[in-house]
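Since the model is a prediction, treat every value here as computed from it, not as a measurement.
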Amino acid sequence: GDGTERLHRDTPLTHLFGDPDLQFLLQGGDLLKVRSPSWKKTRYFKLQEDCKTVWHESKKTFRRKQTFSLDDIAAVRMGRQSEGLRKYTEEQVEIRCFSIMFKGRRKNLDLIASSEEEAKQWVSSLEKMVSRLKNLSCQQKTEHWILSCLRKADKNKDDKLSPSEVKNFFRLINIDVEDEYAEMLFKKCDKSNSGYLTGEEIQHLYELLTQREEIDVIYGEYARTTGFMNSENIVDFLMKEQREKATLEDARRIIEKYEPDENVKEKKLLSKDGFLMYMQHPEALILNSDHTEVYQDMSQPLNHYFISSSHNTYLMEDQLKGPSSTEAYIRALLKGCRCVELDCWDGSDDEPVIYHGYTLTSKILFKDAIKAIKEYAFKTSDYPVILSLENHCSVEQQKVMAHHMNSILGSALITAPLGQGMPTEFPSPEELKGKFLIKGKRLNKLEAIYASEEAADNTDVTEEDDSGESDEWKKKKLKLAKELSDMVIYCKSVHFHGFEDAAQNLSFYEMSSFKEGKAVGLAEESANAFIRHNVDKLSRIYPAGTRTDSSNYDPVPLWNAGCQIVALNFQTNCTDMDVNQGRFLVNGKSGYILKPAYMRDLATDFDPITLTRGDWLKHKTLHVMIISAQQLPKVNKKKSSIVDPLVKVEVFGVPADVAEKETNAIENNGFNPAWNENFQFDVYVPDLALVRFLVEDHDSTSDNEFVGQYTLPFNSLKMGYRHVPLLNKNGDLLPSAGLFVHIMVVDA
């Protein structure tokens, strides 16, 4: 019918119907799927007509529906780049190989095409479609999604919707409506009284459903020019409601960029559609768009920053028996992690391996991990990466480690202090851009080099590690290869013997690692001493050995104590990881966040627990109104299950600021629930505070289920009416979902 066609015509992906890449994918073809040396089977792959889902045949009957969405693709890589292809295929097929890497925990898809041309065509076509989907506006994503639900609902594919098909359509878009309401909507749209909706009537249903009353009200308030907004009205709105400095020039740019109707644009006006497009664009969201770039001073010493850090980075799952993989390093680095951990042990054929010692976790080659790190280190951030070595290797294999790092990382590896003479403080992230630093044991003090003392060739060092082994093991002397020792410049691992001892005897580059329990104790009992210690030294915190399930701990109290390297299990989806990603969401996702000035001053009196008076006390009141949500995903894939959403607003920070409030649950509506509930929070130390919006599916009989969340630093909140994007458990954007809120921050 012409209604779906009209929707169809206006959906950006379908503008491409003549596009050769799209045609290639819609036609599809045979590819060899590789799972193991003996499991290589031909499967037919093709893009379905929603232009978003890839289907492939499966020989197992119970797996009829083997599909994945283009939205789930993290990257498509040409060649034998994945672990599987390197392990299970020969070098001569390199040019015909490619891999599809997925977000979340889904396994890679390793494929071989029949020719190099065909492999290249698959890779470039998939990449093009994935990037197209990514760049759709929020409204376009909604249209695209609703269109695919309409198609699914039209069971007999006659381009008409019967009353029962409309009811089915509502379920697909996550609303459960009373029969009377469904009937009323149906009658309202069935202008021809045919008992079916076709063409324009379907379009009308779409418009009724996507109408945003709350946006209509705000728009109506400011659209004072023949029912439209002119430049002055826009400036008025931005300054009064959004608390932004705005000029007529800004208003004209908004019209130029967001007004979809050319006639309206010509008159220099903004329609309601244009207004909504602007409100859903990243520049108008809740996160201050200036903070999406690097906006902090990056020329301070490295230890003046919080650094995004991962624990046992090689593990994909738990700490005892799960797989180790180079893929885990790639995922952490792409998430902005700047400090990764390598547990090194002697392997066969003189090749060191990485795994969690004394456990059943699988092993990967040290050199493969270094290659993966080298390739992905600077894709998300240009700033330095610290390789935290936990070294259990013999002197011989330590020499091999040093050789691999030298040959693979080359000039990007820091092997001598920057500048002339003995340094007295860390270089800055800016000076270290694109560089790797090694954290590990060193045979002697750096000062020794400048005093031109000849270092002994292989000296005894007592090794400490994270794995919670017996003291007997720890007392064993480990030999340290001079080649490896010499690579440790700015991050020399030493034992901690108290803050006084550290202040008197340790150089700035000598750093300690603290087990979570010990660190939390210090952060609670001697927070100010810990903060002062971290003004000129680095501290690394790691999870307790009892967390064998790779669970995490709350990083906030440790940041409050000035600890820079608070290492979390990046492979685990949890609140702690959401908060970590929220902390590092800003400053261009560089993985470095500058500590407040009062945490970079040796004489500071700041104590996050007692909160005496000082520069850090900037008491604010945060007013949040949770207005509505749009297109929340189903938690439960069952057709009949509809979410009952509620929203929690959580504040993290110094103990005085920690708080949580929640809305009522709304029954059976994930499509466009409205709350209009107000909350108020006192925030005393805004520099260290974070705000988290959490949407849950209410369940009266058991725990609520996670739907989506978004966490950001308090100081990056924008005021006024704002859309809040939502992320799934894995931290990836939910395509069309969001919250609509009103934010006000006032001096208390």
Practice problem: Report the C-alpha distance between Tyr358 and Trp345 in whole Å, list the side-chain angles of each, state the deciding distance to 0.1 Å, and finish with yes or no for ring-ring contact (aromatic ring centres under 6.0 Å, His included). | Solution: CA-CA 10 Å; Tyr358 305 114; Trp345 298 79; 5.3 Å; yes
Quiz item: Do Glu165 and Lys155 meet the salt-bridge criterion of a basic N to acidic O distance under 4.0 Å?
Solution: no
Quiz prompt | Arg547 side-chain N/O to Asn552 backbone N/O, donor-acceptor pair under 3.5 Å | solution = yes
Exercise. Looking only at non-hydrogen atoms, find the nearest pair between Phe570 and Ser308 and report the distance.
Key: CZ-OG, 3.5 Å
Practice problem: Using the six-membered ring wherever Trp is involved, compare the ring planes of Phe98 and Trp122 and label them parallel, tilted or perpendicular (cut-offs 30° and 60°). | Solution: parallel
Exercise. Give a yes or no answer on whether the side chain of Asn569 reaches the backbone of Gln571 with a donor-acceptor pair at less than 3.5 Å.
Key: no
Quiz prompt | Which atom of Gly104 lies closest to which atom of Asn730, heavy atoms considered | solution = N-ND2, 2.8 Å
Quiz prompt | Between Asp110 and Ser99, a side-chain donor and acceptor under 3.5 Å | solution = yes
Quiz item: Does a side chain donor of either Gln319 or Asp549 reach within less than 3.5 Å of an acceptor in the other side chain?
Solution: no
Quiz item: How far apart are the C-alpha atoms of Ser82 and Met101, what are their side-chain angles, what is the distance that settles it, and do they pass the side chain to side chain contact (heavy atoms under 4.5 Å, CB included) test?
Solution: CA-CA 9 Å; Ser82 72; Met101 313 294 183; 3.8 Å; yes
Quiz item: Considering all heavy atoms of both residues, which atom of Ser381 and which atom of Ser590 are nearest to each other, and what is their separation?
Solution: OG-O, 2.7 Å
Exercise. Give a yes or no on whether a salt bridge exists between Glu327 and Arg106, defined as a side-chain N under 4.0 angstrom from a carboxylate O.
Key: no
Exercise. Measure up the Phe378 and Phe436 rings against each other and bin them: parallel (under 30°), tilted (30 to 60°), perpendicular (over 60°).
Key: tilted
Quiz item: NZ of Lys321: more than 12 outside heavy atoms within 6.0 angstrom?
Solution: no
Exercise. Return yes if some donor-acceptor pair links the side-chain N/O of Asp697 with the main-chain N/O of Pro645 below 3.5 Å, else return no.
Key: no
Exercise. Determine whether Arg77 and Val123 make a side-chain contact, defined as any pair of heavy atoms from C-beta on separated by less than 4.5 Å.
Key: no
Practice problem: Report yes or no: do Ser550 and Asp318 form a side-chain donor-acceptor pair below 3.5 Å? | Solution: no
Quiz item: Does a side-chain heavy-atom distance below 4.5 Å link Leu25 with Leu126?
Solution: yes
Self-check item: Whether His723 and Phe740 hold their rings parallel, tilted or perpendicular, with breakpoints at 30° and 60°
Solution: tilted
Quiz item: Do NZ/NE/NH1/NH2 and the carboxylate oxygens of Glu118 and Arg96 come within less than 4.0 Å?
Solution: no
Quiz item: If you take all heavy atoms of Val54 and Leu47, which pair is closest and at what distance?
Solution: CG2-CD1, 4.0 Å
Quiz item: Got a salt bridge between Asp71 and Lys52, using NZ or NE/NH1/NH2 to carboxylate O under 4.0 Å?
Solution: yes
Quiz item: Between atom CG of Leu22 and atom NZ of Lys128, what is the distance when rounded to the nearest 0.5 Å?
Solution: 9.0 Å
Quiz item: Which pair of heavy atoms, one from Gln81 and one from Met78, lies closest together, and at what distance?
Solution: NE2-O, 3.2 Å
Exercise. Please answer whether the main-chain N or O of Gly731 pairs with a side-chain N or O of Asn728 as donor and acceptor at a distance below 3.5 Å.
Key: yes
Quiz item: Does the Glu83 side chain pair with the main chain of Thr326, one donor and one acceptor, at a distance under 3.5 Å?
Solution: yes
Quiz item: Under a 4.0 Å N-O cut-off, is there an ion pair linking Glu57 with Arg43?
Solution: no
Exercise. Could you tell me whether Lys134 atom NZ has more than 12 heavy atoms of other residues or ligands within 6.0 Å of it?
Key: no
Practice problem: Decide side-chain hydrogen bond (donor to acceptor under 3.5 Å, both in side chains) for His404 and Glu351; before the verdict, give the C-alpha distance in whole Å, the side-chain angles of both, and the deciding distance to 0.1 Å. | Solution: CA-CA 10 Å; His404 285 325; Glu351 279 296 348; 2.9 Å; yes
Self-check item: Donor-acceptor pair, side chain of Lys40 and main chain of Tyr88, under 3.5 angstrom
Solution: yes
Quiz prompt | Residues Gln630, Ser628; criterion side-chain hydrogen bond (donor to acceptor under 3.5 Å, both in side chains); working and verdict | solution = CA-CA 7 Å; Gln630 294 75 45; Ser628 61; 3.0 Å; yes
Quiz item: Can you find a pair of side-chain heavy atoms, one from His56 and one from Tyr44, that are under 4.5 Å apart?
Solution: no
Exercise. Side-chain contact test, heavy atoms from C-beta onward, threshold under 4.5 Å: evaluate it for Phe584 versus Ile307 and give yes or no.
Key: no
Quiz item: Does Asp72 come within less than 4.0 Å of Lys103, counting only side-chain N to carboxylate O?
Solution: no
Quiz item: Within a reach of under 6.0 Å around NZ of Lys374, are more than 12 heavy atoms found that belong to other residues, nucleotides or ligands?
Solution: no
Quiz item: Nearest heavy-atom pair of Ser362 and Pro323: which atoms, and what distance?
Solution: OG-CA, 3.3 Å
Exercise. Supply the atom-to-atom distance Ile370 CD1 to Leu365 CG, rounded to the nearest 0.5 angstrom.
Key: 11.5 Å
Self-check item: Rounded distance (nearest 0.5 Å) linking atom CD1 of Ile541 with atom CD1 of Ile565
Solution: 9.0 Å
Exercise. Evaluate whether atom NZ of Lys589 has more than 12 neighbouring non-hydrogen atoms of other residues, nucleotides or ligands under 6.0 angstrom away.
Key: no
Quiz item: Knowing that exactly one of Arg692, Lys335, Arg583 qualifies, which makes a salt bridge (charged side-chain N to carboxylate O under 4.0 Å, His left out) with Asp578?
Solution: Arg692
Practice problem: Show your reasoning for whether side chain to side chain contact (heavy atoms under 4.5 Å, CB included) applies to Phe652 and Asp576. | Solution: CA-CA 11 Å; Phe652 296 84; Asp576 309 309; over 6 Å; no
Quiz prompt | Close side-chain approach of Asp644 and Ile666, heavy atoms under 4.5 Å | solution = no
Quiz item: For Asn135, does the CG atom have more than 12 heavy-atom neighbours from other residues, nucleotides or ligands under 6.0 Å away?
Solution: yes
Exercise. Please report the C-alpha distance between Asp30 and Thr42 in whole Å, then the side-chain angles of each, then the deciding distance to 0.1 Å, and finally whether the side-chain hydrogen bond (donor to acceptor under 3.5 Å, both in side chains) criterion is met.
Key: CA-CA 6 Å; Asp30 281 333; Thr42 303; over 6 Å; no
Quiz item: Counting only N and O atoms by type, is there a donor-acceptor contact under 3.5 Å from the side chain of Thr380 to the main-chain atoms of Leu334?
Solution: yes
Quiz item: Has Gln92 got more than 12 heavy atoms of other residues, nucleotides or ligands less than 6.0 Å from its CD?
Solution: yes
Exercise. Spell out, as yes or no, whether a donor-acceptor pair under 3.5 Å connects the side chain of Tyr329 to the backbone of Glu341.
Key: yes
Quiz prompt | OG-CG distance between Ser114 and Leu31, expressed to the nearest 0.5 angstrom | solution = 8.0 Å
Quiz item: Side chains of Val695 and Tyr710: closer than 4.5 Å at any heavy-atom pair?
Solution: no
Exercise. Without swapping roles, check the side chain of Glu94 against the backbone of Arg80 for a donor-acceptor pair under 3.5 Å.
Key: yes
Quiz item: Would you say the side chain of Leu342 lies within less than 4.5 Å of the side chain of Thr313, judging by non-hydrogen atoms?
Solution: no
Quiz item: Does Ile354 offer a backbone N or O that forms a donor-acceptor pair with the side chain of Asp343 under 3.5 Å?
Solution: no
Quiz item: Any side-chain heavy atom of Val556 within less than 4.5 Å of one from Leu690?
Solution: yes
Quiz item: Does Phe102 have its ring centroid less than 6.0 Å away from the ring centroid of Phe68?
Solution: yes
Quiz prompt | Distance-only polar pair, side chains of Glu390 and His392, donor-acceptor under 3.5 Å | solution = yes
Practice problem: Using the salt bridge (Lys or Arg N to Asp or Glu O under 4.0 Å) rule, take Lys120 and Glu116 through it: C-alpha gap first, then chi angles, then the decisive distance, then the call. | Solution: CA-CA 6 Å; Lys120 279 185 176 154; Glu116 180 182 8; 3.1 Å; yes
